[in-house]
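Any value given below was found using the heavy atoms of this structure, including those in side chains, with hydrogens, waters and symmetry copies removed.
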Amino acid sequence: MKLSDKQLQSFKDNGFVVVEEIFTPQEMDLAIEEAITWQQEFIEQLTEVDKKWYLDKGTAIENQLRKLDNPVSQRAFFRNMALSPTVVSLIEDLIGKEVIAFFSQIFFKPPHGGGPKPIHQDNFYFGPDKKDQVITLWIAFDHATVENGCLYYGRGTNKGEVVEHFAPDNEPFNYQIPKSDKVPMTAAPVAKGGISLHHGNTFHQSSDNHSESWRRAMAVHYMQSQVNLVSPIFQYDPAHFVKAY
Ligand SMILES: O=C(O)CCC(=O)C(=O)O
């Protein structure tokens with residue numbers, strides 16, 4: 001599959017593009033089932049102390065995780081999604097041939113819960129030496145809407161630099177852009193089975209889920225194989241890198 005000229009131009013100008021109907025709703029239902037199964041397995045092996053850290057405190061649902069890390073390297077189902085020829089050809093058109101899915105996350109945003117993710121740039125977290133060759137694929141397992149916490153993007157911020165982020169004292173992993181650098185943000189709703197793709201420098205955020213519906217999604221971060229993560233904020237373990245070539 002190829003992006004249209006208009007979609008390519010939108011990615012270049014805005015730093016993101018939404019592409020609908022990449023996966024079927026049935027495939028997304030299977031993805032949700034697999035995420036729930038994995039979540040149960042994950043919670044069963046947590047200690048009571050770990051549970052305090054991992055469980056989502058923003059929801060009334062018991063035993064609900066906020067996210068799961070590295071689905072692509074850890075579960076065949078999600079690896080197959082990230083390596084599907086349709087997805088890989090879209091990614092290659094934007095960052096070049098020979099790509100690696102180096103980090104991934106499943107986000108559960110339960111009804112009336114699953115707090116916000118403040119504005120940030122993925123390249124601040126990853127610290128790549130070639131900033132134009134890192135991209136995020138975001139797959140909507142459910143319809144992602146303004147009401148249930150879809151992503152918002154800062155148009156054109158892909159063309160700017162990576163700015164300094166800060167983490168609040170009580171959330172040492174939640175690096176975000178200070179108020180002074182904030183820009184207007186555009187909502188990017190995606191229907192179930194659709195995707196958005198954003199440049200590693202693009203400002204983005206998601207809000208609270210104010211609705212009755214779930215907003216589950218998987219983000220997969222790819223880099224072209226010549227990229228090195230030279231100044232990452234956290235460690236991205238090469239044992240989780242999955243080559244798509
Ligand atoms: O899905 C979300 O709520 C946040 C996703 C995100 O910010 C990311 O993957 O970089």
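A salt bridge does not link Lys130 with Asp132: none of the charged nitrogens is closer than 4.0 Å to a carboxylate oxygen. Arg155 has no carboxylate O lying under 4.0 Å from a charged side-chain N of Asp13, or vice versa, which leaves the two without a salt bridge.
Taking both residues in full, the closest heavy atoms of Phe11 and Asn158 are given as O-ND2, 3.6 Å, listed atom of the first, atom of the second, then distance. Ser89 approaches Met1 most closely through the heavy-atom pair OG-O, 2.8 Å. Here the closest non-hydrogen pair linking Tyr175 and Lys117 is O-NZ, 4.4 Å. When all heavy atoms are compared, the tightest approach of Phe166 to Pro178 is CE2-CA, 3.7 Å. Taking both residues in full, the closest heavy atoms of His221 and Asp122 are given as CE1-OD2, 3.6 Å, listed atom of the first, atom of the second, then distance. Considering all non-hydrogen atoms of both residues, Pro189 and Val18 come closest at O-CG1, 4.0 Å.
Side-chain atoms of Gln176 never come within 3.5 Å of backbone atoms of His165 as a donor-acceptor pair (strictly under, hydrogens ignored). Using modelled atom types, no side-chain atom of Thr59 and backbone atom of Pro110 make a donor-acceptor pair closer than 3.5 Å. Put simply, the side chain of Gln45 gets close to the backbone of Phe42: a donor and an acceptor are under 3.5 Å apart. Remark: side-chain polar atoms of Gln7 are paired, donor with acceptor, to backbone N or O of Ser4 under 3.5 angstrom. A donor-acceptor pair under 3.5 Å is absent between the side-chain atoms of Asn228 and the main chain of Val230, judged by distance alone. Side chain of Ser10 to backbone of Lys6: no donor-acceptor contact under 3.5 angstrom is found. No donor-acceptor pair under 3.5 Å is formed between the side chain of Asn201 and the backbone N or O of Thr157. The main-chain N or O of Ala82 is found under 3.5 Å from a side-chain atom of Tyr222 such that the two form a donor-acceptor pair. Remark: the backbone N or O of Thr202 is paired with a side-chain donor or acceptor of His204 at under 3.5 angstrom.
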Please determine whether side chain to side chain donor-acceptor pair (under 3.5 Å) holds for the pair Gln64 and Gln39, giving the CA-CA distance in whole Å, both sets of side-chain angles, and the decisive distance to 0.1 Å.
CA-CA 8 Å; Gln64 178 59 52; Gln39 167 176 253; 3.0 Å; yes
Can you check side chain to side chain contact (heavy atoms under 4.5 Å, CB included) on Asp56 and Phe108, steps first, answer last?
CA-CA 9 Å; Asp56 186 345; Phe108 296 95; over 6 Å; no
Audit row: Glu41, Thr37, side chain to side chain contact (heavy atoms under 4.5 Å, CB included) steps and yes/no:
CA-CA 6 Å; Glu41 290 171 18; Thr37 305; 3.6 Å; yes
I would like to know whether Ser84 and Thr86 meet side chain to side chain donor-acceptor pair (under 3.5 Å); could you show each step before the answer?
CA-CA 5 Å; Ser84 84; Thr86 304; 4.7 Å; no
With side chain to side chain contact (heavy atoms under 4.5 Å, CB included) as the test, would you mind laying out the steps for Ser213 and His143 before giving the verdict?
CA-CA 9 Å; Ser213 64; His143 292 304; over 6 Å; no
Please walk me through it: do Gln133 and Gln226 pass side chain to side chain contact (heavy atoms under 4.5 Å, CB included)?
CA-CA 9 Å; Gln133 285 172 296; Gln226 296 305 307; 5.9 Å; no
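More than 12 heavy atoms of other shown residues, nucleotides or ligands fall within 6.0 angstrom of atom NZ in Lys159. Within a 6.0 Å sphere centred on OH of Tyr54, other residues, nucleotides and ligands contribute 12 heavy atoms or fewer. No more than 12 heavy atoms of other residues, nucleotides or ligands sit less than 6.0 Å from atom NZ of Lys243. Remark: Glu20 CD is packed, more than 12 non-hydrogen atoms of other residues, nucleotides or ligands lying under 6.0 Å away. Other residues, nucleotides and ligands contribute at most 12 non-hydrogen atoms within 6.0 Å of the CZ atom of Arg66. Annotation for Asp169: atom CG does not count as buried by contact number, only 12 or fewer foreign heavy atoms lying within 6.0 Å. Residue Glu161 qualifies as open at atom CD: its count of foreign heavy atoms under 6.0 Å is 12 or below.
Asp181 is not listed as a side-chain neighbour of Gln121, based on a closest heavy-atom distance of 4.5 Å or more. Asp93 has its side chain within reach of Lys2: a pair of non-hydrogen atoms, C-beta onward, lies under 4.5 Å apart. When side chains are defined from C-beta on, Ser104 does not count as touching Phe78, because their heavy atoms never get closer than 4.5 Å. Between Ile106 and Arg216, the closest side-chain pair of non-hydrogen atoms is not below 4.5 Å. When side chains are defined from C-beta on, Thr145 does not count as touching Cys150, because their heavy atoms never get closer than 4.5 Å. A heavy-atom distance below 4.5 Å is not found between the side chains of Phe102 and Val227. With a 4.5 Å cut-off on side-chain heavy atoms, Val87 and Ile22 count as touching. Taking 4.5 Å as the limit, some side-chain heavy atom of Pro128 sits within range of a side-chain heavy atom of Asn123.
Atoms CG and CD1, on Leu197 and Ile139 in that order, are 9.5 Å from each other to the nearest 0.5 Å. Once rounded to the nearest 0.5 Å, the distance linking CZ of Phe141 with CH2 of Trp214 reads 13.0 Å. Distance CG/Leu55 to CG/Leu65: 6.0 Å, rounded to 0.5 Å. Of the inter-residue distances, the one linking Glu98 atom CD with Ser225 atom OG reads 4.5 Å to the nearest 0.5 angstrom. Taken to the nearest 0.5 Å, the CE atom of Met218 stands 8.5 Å off from the CZ atom of Phe77. Rounding to the nearest 0.5 Å places CG of Asn14 at 12.5 Å from NE2 of His199.
Taking the six-membered ring wherever Trp is involved, the centroid distance between the rings of Trp138 and Tyr153 does not fall below 6.0 Å. Residues His112 and His210 keep their aromatic ring centres 6.0 Å or farther apart. Aromatic pair Tyr125/Tyr236: ring centres not closer than 6.0 Å.
Each of Asp142, Asp29, Thr24 was evaluated against Lys192; a single residue qualifies, Asp29, per the side chain to side chain donor-acceptor pair (under 3.5 Å) test. Applying the side-chain contact (heavy atoms from CB on, under 4.5 Å) test between Phe103 and each of Val220, Leu229, Val72, Asn70 identifies Asn70 as the sole match.
Ile233 and Met223 fall within the same hydrophobic cluster, defined by Ile, Leu, Val, Met, Phe, Trp and Tyr side-chain heavy atoms under 4.5 Å apart, directly or through other members. By the rule that hydrophobic residues join a cluster once side-chain heavy atoms approach within less than 4.5 Å of another member, Leu137 and Phe16 end up as members of separate clusters. Hydrophobic clustering (ILVMFWY, side-chain heavy atoms < 4.5 Å, transitive): Leu68 and Phe107 are in distinct clusters. Under the 4.5 Å side-chain heavy-atom criterion for ILVMFWY residues, a single connected hydrophobic cluster contains both Tyr245 and Ile135. Hydrophobic clustering, with ILVMFWY side chains joined whenever heavy atoms are under 4.5 angstrom apart, groups Ile91 together with Val134.
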